[in-house]
Chemist: 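Submitted below is the structure of interest, expressed as structure tokens.
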Number of protein chains: 4
Amino acid sequence: MAGPKKIEERKAQILAAAETVFARKGFSEATISDVARQAGVSDATIYEYFASKEELLFTIPGETTRMGTELLEFNLRYIRGAGNKMRGLIYHYLAFYQEHPDYAAVSMLILKQNRKFLETEAYRHVREGYGLFLRVIEEGVQSGEFRADLDKYLVRAAILGAIEHQVTRRALMDKPANLVDLVDPLTDLLLGGLKRPVNPAAMNFKITVEPISSSDD
Amino acid sequence: MAGPKKIEERKAQILAAAETVFARKGFSEATISDVARQAGVSDATIYEYFASKEELLFTIPGETTRMGTELLEFNLRYIRGAGNKMRGLIYHYLAFYQEHPDYAAVSMLILKQNRKFLETEAYRHVREGYGLFLRVIEEGVQSGEFRADLDKYLVRAAILGAIEHQVTRRALMDKPANLVDLVDPLTDLLLGGLKRPVNPAAMNFKITVEPISSSDD
Amino acid sequence: MAGPKKIEERKAQILAAAETVFARKGFSEATISDVARQAGVSDATIYEYFASKEELLFTIPGETTRMGTELLEFNLRYIRGAGNKMRGLIYHYLAFYQEHPDYAAVSMLILKQNRKFLETEAYRHVREGYGLFLRVIEEGVQSGEFRADLDKYLVRAAILGAIEHQVTRRALMDKPANLVDLVDPLTDLLLGGLKRPVNPAAMNFKITVEPISSSDD
Amino acid sequence: MAGPKKIEERKAQILAAAETVFARKGFSEATISDVARQAGVSDATIYEYFASKEELLFTIPGETTRMGTELLEFNLRYIRGAGNKMRGLIYHYLAFYQEHPDYAAVSMLILKQNRKFLETEAYRHVREGYGLFLRVIEEGVQSGEFRADLDKYLVRAAILGAIEHQVTRRALMDKPANLVDLVDPLTDLLLGGLKRPVNPAAMNFKITVEPISSSDD
DNA sequence: CATGAATGAGATTTCATTCAT
DNA sequence: TATGAATGAAATCTCATTCAT
């Protein structure tokens, strides 16, 4: 049915179909036939472009991720202040997953728990993106905006965990409907903490008034 | 080979085997034969106790979770202060997953991304445990210890996300070796936030001295 | 359909079916379904007993060959004279292939040209049988019955080649109908050679008649 | 890549590639893509010249065989004596296979066991070559050089069998390294037989001396 | 209660072959 | 003439599940 086409186009078409199908049915439950049907090609055609079902899965990130990271780096340049940059990062990821729900599902529900994927070239790109969190944290610590007593890897993990938890939840239960709405409260929580900050109006100061000797000291 | 045994004992034996095998190979990759071998029973015997491979998977939480939650509720009673209770919760989960790495793997890598599991009785117990986070948050807000401007569900999600991120990482890459070490820094971060608190020593106060009229008031 | 059965019985049943099917269609052209149908079991059952189609093929010799060799060794003991023993060997093989035409086809048309089979345990047994040719040749040379100027391996190869050629021909074209009829002419040819022996009746002798001195010695 | 070419040249190029590939991997295991790659053309091009993979296989003998037979007939003319001619034949085949090991492999390991090939035009040429054996045997019988009591077809089969056995062995195990070395011992064996010829020096003759009547007879 | 044995139902993957360009 | 691209048609092999004993 499907006539000749440029190779990259065809690959993209199959990858898009795979993303959709895997997102909907999961990797093991989805069949190559499902993907082929969705892509409008034959089963065999898929194997002309991808050596195996697993390779097909692992190729889904690829471009998307690499380009996302580039864009992100670009955008961060115009934001001043570590706190603002952190908000920018959180926004980037939540907005991205909001706009690519199938990719979100594949990423959160399939790839993230795949041991083999972790050794993949594609995963390296993912990690590169995560490196930006570290740089922003460092910057904040340096400038005195952020606390210096926290391990930066732990901080990053906590932030990513919070983001991923929401994205996963959305992939599984369609809630929350809008991830971007979470950017501010999440940033707020992570930057400001759960504890109520001490209200200066409620502070008690001990003010000591000392007579100043008018003569020499 | 395996002689008659009390029904619950045999079930537990099979579940333990399933936990181990699923943790190691993943659900789809593991076979009933693998589980049977690990349990020291025949394939057919497994079907005497569980209707399907999926039911076997979904039964793994069961007791564990229910008992964990009970213990948790009990322990919390002896902790005063919402912040301390939160630390207690975080400790509970990290310690639990640290001690049950196979369960951690099954939970993080398999169950958590399974849509069908979310409709399960077993999952209700998991959620009940998570309810405690809400109660502690509420308590903290009530007592004024916690900020009142944050959605409690979001807060809980962030905390769980941070915890799960670490547990997942450990399940996949054996790092960090000791989850319990993370209790304090993680609690610190989540309660105190990433931003450096304003240092009172560096605060500027405008002190106004007014003469007090000694006559009328 | 097929009920439980003793394991060796079932294996033999499948092997017999495989022999028939492979003989008829060749290895690549025959399918596991063909064999299963012939054996009256399901495709999957075959894989309960044999790990792969190739293993099924390589297991076809096995017993047959081992027992054949034993019988052969036994029989040879009662034959005197290397020439007679050689005739016995040739008879053994031709009769055996005559009686097991399917095995003959599998052996000549499939196994004999399979490089992997040569590294098989089963092939070792085949070779053991061939070792008897060497022993008989040696015996003949020792006793002076056979020529000593020929390499025994070459002789064996020639004899086996002649036998196999006939067996192959029969497997392919059903000719000759009776291999056993070839025993005598083949033995004759191989032992006596193609060249016409010098006919004593046609020999020329120079007869010298010398007068015998009647006196001394 | 491959530009236009004379049709026969292109065919020969593909056939040579097929010979190499089939020799190395076997017919079923080799793919058209393998052959195409080896030939430096595309898969589709092969189908411009050959209707199917099988036809490609069956066309491999073709020229080679026909020319071989012609050469053989020519050479035999200059040899005198059936025994010498037989040696010449054996030499011809062994030398030919020695020089064309890929063709030897295809011929011995693939074509020889293919029922369909036997009905092929190409096979007729092969058989024609074999016809020379018959003629030489007949000549030898006629001239009294060879025994008359052996079926000529059987004799031919034995000789071919011996040759093919060696060629097959070489194709499979690279032994013997030099087939031509076998010409003399093999001819010797086939012509002279395995049995030790009676040594005239050891013969016993009964010599009868009769008085000759000097008168009439 | 336990299991040996059997199988139905697929899934992935391969490849010879076709055809429009 | 040459081929890139596509695919129909299978084939091997796997495995969850059943059931008679």
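Just so it is clear: chains get the letters A, B, ... in the order the sequence lines come, proteins before strands, and each one is counted from 1.
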Chemist: Determine whether a donor-acceptor pair (N or O, by modelled atom type, separation under 3.5 Å) exists between the side chain of B:Thr120 and the backbone of B:Tyr123.
Modeler: no
Chemist: Give me the residues of residues 26-34 of chain C where at least one heavy atom lies under 4.0 Å from an atom of DNA chain F, by number, or none.
Modeler: C:Ala30, C:Thr31, C:Ile32
Chemist: Considering only E:dA5, F:dA2, F:dT7, which nucleotide approaches the side chain of A:Val41 most closely?
Modeler: F:dT7
Chemist: Is any side-chain heavy atom of C:Arg10 closer than 4.5 Å to one of C:Val41?
Modeler: yes
Chemist: Tell me every residue that passes ring-ring contact (aromatic ring centres under 6.0 Å, His included) with D:Phe58, counting only those two or more places apart in sequence or in another chain.
Modeler: D:Phe117
Chemist: Does D:Leu56 form a side chain to side chain contact (heavy atoms under 4.5 Å, CB included) with D:Tyr49? I'd like the steps, not just the answer.
Modeler: CA-CA 9 Å; D:Leu56 177 57; D:Tyr49 294 87; over 6 Å; no
Chemist: Can you tell me if the side-chain N/O atoms of D:Arg10 get under 4.0 Å from OP1 or OP2 in F:dA2?
Modeler: yes
Chemist: What does the 5'-to-3' dot-bracket notation of DNA chain E look like when only Watson-Crick and G-U wobble pairs under 3.5 Å count, and pairs to other strands show as |?
Modeler: .||||||||||||||||||||
Chemist: Would you mind reading off the distance between C:Leu56 atom CG and F:dA11 atom P, rounded to a whole angstrom?
Modeler: 16 Å
Chemist: Taking salt bridge (charged side-chain N to carboxylate O under 4.0 Å, His left out) as the cut-off, I'd like each qualifying pair that reaches into residues 103-112 of chain B, sequence neighbours left out, listed once.
Modeler: B:Lys112-B:Glu164
Chemist: Please check this pair: side chain of C:Gln13 against backbone of C:Ala39, looking for a donor-acceptor N/O pair closer than 3.5 Å.
Modeler: yes
Chemist: Take the protein atom CZ of A:Phe50 and the nucleotide atom P of E:dT14, then report the distance between them rounded to whole Å.
Modeler: 15 Å
Chemist: From F:dG8, F:dT3, E:dA16, pick the nucleotide closest to the side chain of D:Thr45?
Modeler: F:dT3
Chemist: Can you sort out the partners of C:Arg115 under salt bridge (Lys or Arg N to Asp or Glu O under 4.0 Å), two or more places apart, ordered by chain and number?
Modeler: none
Chemist: With distance as the sole criterion, is a donor-acceptor pair present between the side chains of C:Tyr103 and C:Thr65 under 3.5 Å?
Modeler: yes
Chemist: Scan residues 47-56 of chain D for pairs that pass salt bridge (charged side-chain N to carboxylate O under 4.0 Å, His left out), counting only residues two or more places apart or in two chains.
Modeler: D:Glu54-D:Lys116
Chemist: Among the candidates E:dT7, F:dA16, F:dT7, find the nucleotide nearest to the side-chain atoms of C:Ser42.
Modeler: E:dT7
Chemist: Which nucleotide wins on minimum distance to the side chain of A:Tyr47, given the candidates E:dA6, F:dT12, E:dT12?
Modeler: E:dT12
Chemist: For the CG atom of C:Leu15 and the CD atom of C:Glu19, what is their distance to the nearest 0.5 Å?
Modeler: 8.5 Å
Chemist: Among F:dA16, E:dT12, E:dA2, which nucleotide has an atom closest to any side-chain atom of A:Lys53?
Modeler: E:dT12
Chemist: Nearest-Å distance, CD (A:Glu8) to P (F:dA5)?
Modeler: 11 Å
Chemist: Take atom CZ of B:Arg37 and atom C1' of E:dT3, then tell me their distance rounded to the nearest Å.
Modeler: 15 Å
Chemist: Once salt bridge (charged side-chain N to carboxylate O under 4.0 Å, His left out) is applied, what residue pairs with a partner in residues 28-41 of chain A remain, sequence neighbours excluded?
Modeler: A:Lys25-A:Asp34, A:Asp34-A:Arg37
Chemist: Scan residues 9-46 of chain C for pairs that pass ring pair (Phe, Tyr, Trp, His ring centres under 6.0 Å), counting only residues two or more places apart or in two chains.
Modeler: C:Phe22-C:Phe27
Chemist: Would you kindly give the NZ-to-C1' distance between B:Lys11 and E:dC1, to the nearest whole Å?
Modeler: 15 Å
Chemist: OP1 or OP2 of F:dA6 less than 4.0 angstrom from a side-chain nitrogen or oxygen of A:Tyr49, does that happen here?
Modeler: yes
Chemist: For D:Asp43, what residues pass the salt bridge (Lys or Arg N to Asp or Glu O under 4.0 Å) criterion, not counting sequence neighbours?
Modeler: none
Chemist: I want to confirm an ordering. Mapping C:Glu54 and C:Glu48 to their closest nucleotides on DNA chain F, which one lands closer to the 5' end?
Modeler: C:Glu54
Chemist: Tell me the interatomic distance from C:Ile7, atom CD1, to E:dT3, atom P, rounded to whole angstroms.
Modeler: 16 Å
Chemist: Just jot down the ring-ring contact (aromatic ring centres under 6.0 Å, His included) partners of B:Tyr97, sequence neighbours excluded, or say none.
Modeler: none
Chemist: To the nearest 0.5 Å, what is the distance between CD on B:Gln113 and CD1 on B:Ile110?
Modeler: 8.5 Å
Chemist: Going by number, which of residues 14-25 of chain B have a non-hydrogen atom under 4.0 Å from DNA chain E?
Modeler: none
Chemist: Which sits closer to the 5' end of DNA chain E, D:Ala44 or B:Ile46, going by the nucleotide each is nearest to?
Modeler: B:Ile46
Chemist: I need the residues from residues 110-117 of chain B with at least one non-hydrogen atom less than 4.0 Å from DNA chain E; give them sorted by number, or say none.
Modeler: none
Chemist: Whole-Å distance between F:dA5 P and D:Asp43 CG?
Modeler: 12 Å
